[in-house]
Amino acid sequence: MKKILTVLACLLVSACVFAQQSLVEPDPEMLGVDAARQALREVSLDLFEREAAWDVTMPIDDGIISARLFDGSPLAKEPLPAGVPEGQTDNKVLGVRVDFMHRGHESFFIKPVRPIPIEGVTKTVSLWVCGRNVNHKLTLLVQDFYGSSFELYVGSLNFSGWKKLTVAIPPSPDGVHGIVQANARYGDHPGLRICGFRVDTDPLEAYGSYYMYIDDLRAVTDLYAMENRDKDEMSDNW
């Protein structure tokens with residue numbers, strides 16, 4: 001009887017540890033570890049400093065949407081490892097306002113004017129969001145190496161103030177299915193493109209005016225193949 005109780009206790013502890021690990025921010029070093037050799041780098045994708053660089057849309061029957069830049073920045077935001085890209089500043093955020101026409105399961109989109117390519121094999125994508133403590137849901141829209149579109153759930157906006165949200169990019173199990181980011185035939189082609197975000201509203205809170213702010217879009221990417229390419233290697237682009 002004691003042995004059975006001991007085994008059950010061990011299983012319970014293991015389950016609790018697993019549950020705790022599943023709630024933490026995705027660890028890029030644990031994604032695709034079977035690749036063995038990795039050169040992980042955190043890179044800046046957009047600092048939301050340029051006017052008209054992002055579009056916002058939603059069906060006119062559901063509401064009116066607008067966006068503009070504001071001075072400000074999350075105080076808890078950690079600096080970029082390599083610093084702010086040359087020629088850029090980091091003192092603005094993108095604000096989005098939605099005026100709902102009615103309650104319901106609406107969606108609105110926040111998209112870059114052009115998809116944002118990420119070099120290497122992307123492990124995680126992160127951004128800072130001020131969600132105003134509502135139950136709307138944020139989803140990342142991406143395209144893989146072959147141009148196939150995918151949606152990745154980022155998280156709920158039911159928090160106050162600024163919060164860093166991170167989503168892991170699941171590796172392809174066989175290089176054919178899922179999100180494919182590399183192909184040996186075209187080694188220098190960007191593997192992933194950010195196409196924007198979709199916010200799905202909670203019908204109980206889709207009324208009046210809703211405000212949200214976003215800043216500092218980043219990615220953790222594996223640049224091993226690019227950094228270890230021989231300087232005299234020929235480029236297959238002819």
Side-chain angles (χ1 to χ4, degrees), residues 25-50 53-55 74 77-88 90 93-94 109-129 138-155 164-199 214-229 233 235-237:
E25 184 174 296
D27 184 357
E29 294 188 3
M30 297 304 296
L31 298 173
V33 291
D34 53 338
R37 296 176 296 181
Q38 299 186 84
L40 298 180
R41 304 287 184 270
E42 186 175 30
V43 298
S44 174
L45 302 180
D46 198 285
L47 294 171
F48 298 96
E49 301 290 311
R50 298 170 296 169
W54 289 75
D55 290 329
K77 183 173 65 174
E78 62 275 11
L80 282 162
V84 176
E86 185 177 355
Q88 296 189 35
D90 187 13
V93 302
L94 179 66
F109 297 85
I110 307 170
K111 294 185 176 182
V113 175
R114 294 183 179 85
I116 302 174
I118 309 176
E119 295 182 332
V121 178
T122 305
K123 303 296 184 178
T124 65
V125 174
S126 66
L127 78 161
W128 283 84
V129 182
L138 183 66
T139 296
L140 174 67
L141 309 175
V142 300
Q143 286 184 343
D144 72 354
F145 184 89
Y146 295 113
S148 299
S149 297
F150 295 88
E151 302 176 355
L152 298 172
Y153 177 68
V154 180
K164 182 181 179 182
L165 299 180
T166 304
V167 57
I169 309 299
S172 170
D174 54 9
V176 177
H177 301 90
I179 301 178
V180 181
Q181 296 194 57
N183 187 310
R185 295 176 180 269
Y186 311 100
D188 58 350
H189 193 285
L192 195 73
R193 289 179 291 278
I194 302 296
C195 298
F197 299 91
R198 188 186 72 237
V199 177
I214 57 178
D215 189 34
D216 198 14
L217 181 62
R218 302 186 187 185
V220 174
T221 180
D222 180 8
L223 298 176
Y224 181 88
M226 304 189 68
E227 294 181 351
N228 291 275
R229 184 180 298 138
E233 185 174 340
S235 180
D236 299 334
N237 59 1

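Quick note: numbers below take in every heavy atom, side chains included, and nothing from hydrogens, waters or symmetry partners.
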The residue among Thr221, Val142, Val180 that forms side-chain contact (heavy atoms from CB on, under 4.5 Å) with Leu192 is Val142
Knowing that exactly one of Thr139, Leu138, Val154 qualifies, which makes a side-chain contact (heavy atoms from CB on, under 4.5 Å) with Val199?
-> Leu138
Kindly indicate whether the side chain of Leu217, heavy atoms from C-beta on, has any atom under 4.5 Å from the side chain of Phe197.
-> yes
Beyond-backbone contact of Leu152 with Pro170, side-chain heavy atoms, under 4.5 angstrom | yes
Gln88: what forms a side-chain contact (heavy atoms from CB on, under 4.5 Å) with it, not counting sequence neighbours?
-> Leu47, Val84, Pro85
Mind checking what makes side-chain contact (heavy atoms from CB on, under 4.5 Å) contact with Lys111, not counting sequence neighbours?
-> Phe109, Leu141
Minimum-distance pair of heavy atoms, taken over all atoms of [X] and [Y]:
X	Y	value
Gln143	Cys195	CG-SG, 3.5 Å
Ala39	Asp222	N-OD1, 2.7 Å
Leu80	Ser44	CD1-CB, 3.6 Å

Rounded to the nearest 0.5 Å, what separation is found between the [atom1] atom of [X] and the [atom2] atom of [Y]?
X	Y	atom1	atom2	result
Ile118	Ile169	CD1	CD1	7.0 Å
Arg193	Ile116	CZ	CD1	12.0 Å
Thr122	Leu45	OG1	CG	7.5 Å
Asp90	Asp216	CG	CG	6.0 Å
Ile179	Asp144	CD1	CG	7.0 Å

Which residues satisfy the ring pair (Phe, Tyr, Trp, His ring centres under 6.0 Å) test with Trp54, sequence neighbours excluded?
-> Phe48
Given Lys164 and Trp128, is the side-chain contact (heavy atoms from CB on, under 4.5 Å) satisfied, shown in steps?
-> CA-CA 4 Å; Lys164 182 181 179 182; Trp128 283 84; 3.6 Å; yes
Partners passing salt bridge (charged side-chain N to carboxylate O under 4.0 Å, His left out) against Glu42 (at least two apart in sequence or in another chain) | Arg218
